[in-house]
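So the structure is just underneath, and the comments pick up after that.
Residue numbers start at 1 and run along the sequence shown. All figures in this text were calculated on a predicted structure; none of them were measured in a lab. Order of listing sets the numbers, starting from 1, for every ligand and every atom in it.
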Amino acid sequence: MIINGVDFNNYFKNYPSKDGFFGKYGGCYISDELKAAMNEINEAYFNICKSRKFVAELRRIRKEFQGRPTPITHLERLSDQIGNVQIYAKREDLNHTGAHKLNHCMGEALLAKYMGKKKVIAETGAGQHGVALATAAAYFGLECDIYMGSVDIKKQAPNVARMKILGANVVEVTHGLATLKEAVDAAFEAYSKEYKDAIYCIGSVLGPHPFPMMVRDFQSVVGFEAREQFTEMTGELPDSIVACVGGGSNAAGFFAGFLNDPVEIYGIEPLGRGEKLGDHAASLKFGTEGIMHGFNSIMLKDENGEPAPVYSVASGLDYPSSGPEHAFLHDLGRVKYDVVNDDDTIDAFFRLSRTEGIIPAIESAHAVAFAIRLAEQMDHGSVLVNLSGRGDKDMDYIIENYGIK
Ligand SMILES: *Cc1c(COP(=O)(O)O)cnc(C)c1O
């Protein structure tokens, strides 16, 4: 399939380019010192991660530790309620630790081990990436420093406890607003001093090259598994697939399995409370081109051109940009990006829980809400939604803010 000159038969060979570009998006906009560290990781990625030994070891770990492959579930009662369209879910909520993030953290930590590094470093906002990386570090016997703003440390006590139980060192960041942005800055600063012994592990398809490529490739196991499972189950491809987009890692990995197929692909961003800047985190819908955190993409900016404040009921989706590959696929029109607001998300959260016995993460409930909307507009066919994680982490918040609906 060729769209606007982009040949999807050879997509993974050509995108990103050698210097990390998806069209005009991506790249590596960082200090020379950090560039040297990124080059080291990039070289190691091609020399190590493509080796048969690495691939075989990661495959074994995925099976024996993570519990892969995760199944696809036919959501029969939900489909029956809607009509003729069949909705299916890829169950990343059943991946160890309850979400897709472990897929790339295990890859990144295994790479760290092969490179002879002793430590992994990362920042975390809501704590999900921190927990996944702390899990991977414990599995491989690596030290783990997680930078986290003091405001987030107070808000996310259960995840802080999880990281500490797993043996990670949670480094409190107190300057500025003491949230995710400051944690990113502090973690990068630490990394620029420690990169000989440590590797930085980014939590999504974000940041400077090679991370958007690496994280996508580690997550693509989700899409390739799903394609095979779905065709085995039904004898055909799904008509449409749907995933939520924060930074964009679960979506990028899921989409990777279907980019060259006659399948409609939808990425769903959070519309939060509405369309006013500050009330949502729908960067691809409302943003403009710009550089932040080391890469060029589409981002939400304030009046000074700085990353704008964002909001979503799902803390895993409230980031003012998306990965460069999503900006590229958006401009090409290969993936359609749409939005779902908080209220529709919460309705979908309860509906999936009660009709199917699956409590989704609030992030994933955005994709479920859109899958329902899509199925209601179709006469027949199928929709496959990526259930990026389970909702246990969200239950206290839901009960406190929405009660039992
Ligand atoms: C972090 C998270 C997301 C958002 O991250 P992406 O990189 O956009 O996938 C989505 N779902 C769950 C369950 C998460 O924990």
Side-chain angles (χ1 to χ4, degrees), residues 70 89-105 107-108 122-135 152 156 158-159 162 180 201-207 211-223 242-256 266-270 281-284 293 295 297 310 312-327 329-330 335 337 339-340 345 348-349 352 358-370 385-395 397-398:
T70 58
K90 174 67 171 163
R91 302 290 305 280
E92 287 308 292
D93 59 316
L94 297 177
N95 196 27
H96 178 46
T97 72
H100 71 286
K101 286 197 176 71
L102 194 65
N103 296 329
H104 63 253
C105 286
E108 287 172 326
E123 80 293 333
T124 195
Q128 296 301 107
H129 176 50
V131 170
L133 190 61
T135 302
D152 289 330
Q156 309 290 345
N159 276 342
R162 271 183 206 112
L180 182 61
C201 294
I202 289 178
S204 188
V205 284
L206 302 169
F211 279 99
M213 169 187 72
M214 247 169 56
V215 171
R216 173 198 69 191
D217 291 354
F218 287 140
Q219 284 295 345
S220 66
V221 64
V222 178
V242 185
C244 65
V245 178
S249 64
N250 86 88
F254 187 51
F255 297 169
Y266 296 91
I268 305 307
E269 299 189 295
S283 51
L284 294 164
H293 297 161
F295 65 104
S297 189
V310 285
S312 163
V313 66
S315 52
L317 301 182
D318 60 358
Y319 184 72
S321 182
S322 294
E325 186 171 16
H326 288 293
L329 294 169
H330 170 268
V335 177
Y337 293 87
V339 293
V340 166
T345 297
F349 173 90
L352 188 72
I358 301 169
I359 302 176
I362 307 185
E363 290 80 5
S364 323
H366 283 77
V368 174
F370 188 82
V385 56
N386 195 29
L387 219 61
S388 54
R390 67 179 182 224
D392 303 47
K393 67 182 179 57
D394 300 314
M395 286 187 297
Y397 178 86
I398 292 273

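Comparing A365, S204, A314 against atom 7 (O) of ligand 1, the shortest heavy-atom distance belongs to S204.
The shortest non-hydrogen separation linking E363 to L317 is CG-CG, 3.7 Å.
Residue contacts with ligand 1, taken as heavy atom pairs separated by less than 4.0 Å, involve H100 solely via side-chain atoms from C-beta onward. At a 4.0 Å heavy-atom cut-off, ligand 1 touches A361 through the side chain alone.
A donor-acceptor contact under 3.5 angstrom links the side chains of T70 and K90, judged on distance only. Looking only at atom types and distance, the side chain of H96 has no donor-acceptor partner in the side chain of T135 under 3.5 Å away. A donor and an acceptor atom, one from each side chain of E92 and N103, are located under 3.5 Å apart. N159 and Q128 form a side-chain donor-acceptor contact under 3.5 Å, judged by distance and modelled atom types alone.
By the 3.5 Å distance cut-off applied to N or O atoms, K393 is not counted among the residues near ligand 1. Any N or O atom pair closer than 3.5 Å counts here, and S249 shares at least one such pair with ligand 1. Inclusion of A99 in the set of residues having an N or O under 3.5 Å from an N or O of ligand 1 is not warranted. Some N or O of G246 is nearer than 3.5 Å to an N or O of ligand 1, by distance alone. Inclusion of V205 in the set of residues having an N or O under 3.5 Å from an N or O of ligand 1 is not warranted.
Relative orientation of the F370 and Y266 rings is tilted, given thresholds of 30° and 60° on the angle between their planes. Using bins of under 30°, 30° to 60° and over 60° for the plane-to-plane angle, the ring pair H326/Y337 lands in the perpendicular bin.
Counting the atoms of ligand 1 from 1 in the order shown, those under 4.0 Å from a heavy atom of G389 are 13 (C).
Residue, atom and distance of the protein heavy atom nearest to atom 11 (N) of ligand 1 are S388 OG, 2.7 Å. Looking from atom 1 (C) of ligand 1 to the surrounding protein, the closest heavy atom is K101 NZ, 1.4 Å. The nearest protein atom to atom 4 (C) of ligand 1, hydrogens excluded, is given as G316 O, 3.3 Å; this is a heavy-atom distance.
Looking at heavy atoms from C-beta onward, C105 lies in side-chain contact with H129 at the 4.5 angstrom threshold.
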